[in-house]
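Report on one structure; see the data block that follows.
Predicted, not measured: the structure shown is a model, and the values here were computed from it. Residue numbers begin at 1 in each chain, while the letters A, B, ... track the order of the sequences.
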Amino acid sequence: MALKLYNTLSGKTENFQPLGDPVKIYTCGLTVQSEPHVGHIRAALVRDILMRWFGQAGYNVLALENFTDVDDKIIEKQKEQKRDWRMIAQDNIDTYLWACDRLNIKRANFYPRASQHMEEIIDLVRRLIDKGFAYEKKGDVYFSVRMLPDYGKLSKKSIDDLMVGARIAPTEAKDDPLDFTLWKAAKPGEPYWFSPWGNGRPGWHIECSAMSMRYLGETFDIHTGGEDLIFPHHENERAQSFAATGKPFARYWMHNGWVTLTGEKMSKSTGHYTPIKEVLQKYSANVIRMFMLKTHYRKQLSYDDERLDEARAALSTIKTYLDNATNKFGEICETSKPAMLGEFTDAMDEDLNTSRALGVVYELIKKGNEEDTPEIAASVKYYVSLLGFVVEKPLFSEPHKDVMAIVTSVRERLAKEGMTDLVGEMAGNFLDMLERSDASGLRPALINLLLMIRNRFRREKKYELADFIRKKLLKINIIVDDQSIDVSTYRSNTK
RNA sequence: GGCGGCAUAGCCAAGUAGCAAGGCGGCGGUCUGCAAAACCGCUAUUCGCCGGUGCAAAUCCGGCUGCCGCCUCCA
């Protein structure tokens, strides 16, 4: 595979070679003390696209995404909200997974939680103490940063630079202010686990090392997460893992740019964020995906309703093209030889350049509108699904009761106007339809029946009756567009 | 103070040495009972500013300005 990925560790775009099959990916997921926001979704989407692209190339993927469900912040929340930390964690995990499913984000294979891997965590801390990289002080265990010569390599920081600007709270117990906590003694009333150093809980970074080793082994292929995790989280993960095993930890480090809101980074600690729940109330999964994929994953992305509206418009170009193609050619088939495959593949292989890949899709649509072939439509559908958009047949699977009600009211209206012939014809068509359609096909069939009658009125210049039907359909969010004197199409008015 | 990233049309956004992808918006057209929609065409002689290297620079080098971030919890 010719995939190239930007590796934070080297600061370069490198050819990707997996260690073996499956490709092993670890994603730093949420610390679940508060609700997931748009930024978290962006990180999840990077993994989603990566998994889809590997899948397309014929690779198996083993993906892990962790939940850090016990840390200082969630304990604070427990005190504030007077709710058990486990409940808080579960709520936020539920919301997150619900949102991911709604957004058609591929699930990881496992979602391990820190609180459920104490044995591995304690074991890893013990190894670090045994090897002399960590020390215990009054029930706390710290990692000794200076023991590791290349500490800072990932975040391109040097220990001495860090020292100069150190805003790190000087802790009496630490040998060096930069040392970080592996295990933290519990205060009264805090959740704790038994350990050789007394009752306590893990520090922030250790769970990722412990859990990735447990499920992916000591060395794995790709570590993903938000750019804000590079330091200190990933630097520390890398340090402690390497210290414990003597082997390289993650081979490729991928970091996505953050999402900003009014020019500033979204961050749950400052409350400056948009919950994904809220976004999903306003925009569809496809729109949100388009909004994110329009920009390369490593770039900063500004969250703004205007951008989402723009994404919706951009998406509708694709949707309309596919709808029109379906009207012309019938169901769009699968394709094994998509057009412009080279261009699309080059874009995706170049560090998942979805922005460029979408450009290819639009070029293809233009071509499709000129040449009008089912092959191009099939290619567009192929690429769009590959990028994780949901390409559903519009309106087809919705219940048909509302349309049925319109059919009835139209019949009543016709009867009132004394058009009994037409009422009879409608009834005949209707029975015919019931016989031939299954439940999912009935709705479009009924709509088409209404449009057929309406076009008859249009030909006869009975515009008042034609508009009557159009208005009725609009009430159930179906917009009718007249293409010519006897062809009308409809589309959904929903976002 | 240290370290890092970004700056491309009205807006968003690819491109990182060889004639500036794409999207949104706008304008013009085709079509049309109306209304839309759709489609077609046009929409940056120039890439924050100043210098330098090259036959050739948005792209490389140096300097400057502006914005964002990390060094404390963060996707």
Identify, with sequence neighbours excluded, every residue that meets salt bridge (Lys or Arg N to Asp or Glu O under 4.0 Å) alongside E227(A).
-> none
Under 4.0 Å protein heavy-atom contact, by nucleotide of nucleotides 25-38 of chain B - B base, S sugar-phosphate only = ------S-BBBBBS
Under 6.0 Å from the six-membered ring centre of F231(A) and within 45° of its axis: does the NZ or CZ of K157(A) meet both?
-> yes
What is the distance, rounded to the nearest whole Å, between atom NZ of K319(A) and atom P of rG23(B)?
-> 19 Å
Exam field: side chain T27(A) to backbone G225(A), donor-acceptor pair closer than 3.5 Å | no
Starting from P on rC24(B), measure out to CG on L308(A) and report it in whole angstrom.
-> 16 Å
RNA chain B in dot-bracket, Watson-Crick or G-U pairs under 3.5 Å, [ ] crossing, | other strand?
-> ((((((((.[[[..)..(...]]]((((((.......))))))....[[[[[..)....]]]]])))))))....
Please state how far atom CD1 in I159(A) lies from atom P in rC70(B), giving the value in whole angstrom units.
-> 21 Å
Heavy-atom protein contacts under 4.0 Å, nucleotides 11-20 of chain B, coded B base, S sugar-phosphate only, - none | BSSSS-----
Who are the salt bridge (Lys or Arg N to Asp or Glu O under 4.0 Å) partners of K73(A), not counting sequence neighbours?
-> none
Strand contacts (RNA chain B) in residues 254-276 of chain A, 4.0 angstrom heavy-atom criterion = N256(A), G257(A), W258(A), V259(A), G263(A), E264(A), K265(A), M266(A), S267(A), K268(A), S269(A)
Is it true that atom CD of E306(A) has more than 12 heavy atoms of other residues, nucleotides or ligands lying nearer than 6.0 Å?
-> no
Report the distance from atom CG of L154(A) to atom C1' of rC3(B), rounded to the nearest whole Å.
-> 13 Å
Applying ring pair (Phe, Tyr, Trp, His ring centres under 6.0 Å), name anything that partners F67(A), two or more places apart in sequence or on another chain.
-> Y96(A), Y111(A)
Contacts of R459(A) meeting side chain to side chain contact (heavy atoms under 4.5 Å, CB included) (sequence neighbours excluded), chain-then-number -> N455(A), R456(A), I485(A), D486(A)
With sequence neighbours left out, the residues meeting salt bridge (Lys or Arg N to Asp or Glu O under 4.0 Å) with R458(A) are D482(A)
Decide if atom NZ of K328(A) counts as having more than 12 heavy atoms of other residues, nucleotides or ligands within a radius under 6.0 Å.
-> yes
Residue pairs passing the salt bridge (Lys or Arg N to Asp or Glu O under 4.0 Å) test with at least one member in residues 341-351 of chain A, sequence neighbours excluded, are K4(A)-E350(A), R298(A)-D351(A)
Salt bridge (Lys or Arg N to Asp or Glu O under 4.0 Å) contacts in which one or both residues fall within residues 26-37 of chain A, not counting sequence neighbours = none
Not counting sequence neighbours, which residues clear ring pair (Phe, Tyr, Trp, His ring centres under 6.0 Å) with F329(A)? List them please.
-> none
Would you indicate what K366(A) reaches in the nucleic acid, counting non-hydrogen atoms under 4.0 angstrom: base, sugar-phosphate, or nothing?
-> sugar-phosphate
Please state whether the phosphate of rA75(B), meaning OP1 or OP2, lies under 4.0 angstrom from any side-chain nitrogen or oxygen of T31(A).
-> yes
M348(A) atom CE is separated from rA21(B) atom C1', nearest whole Å, by 16 Å
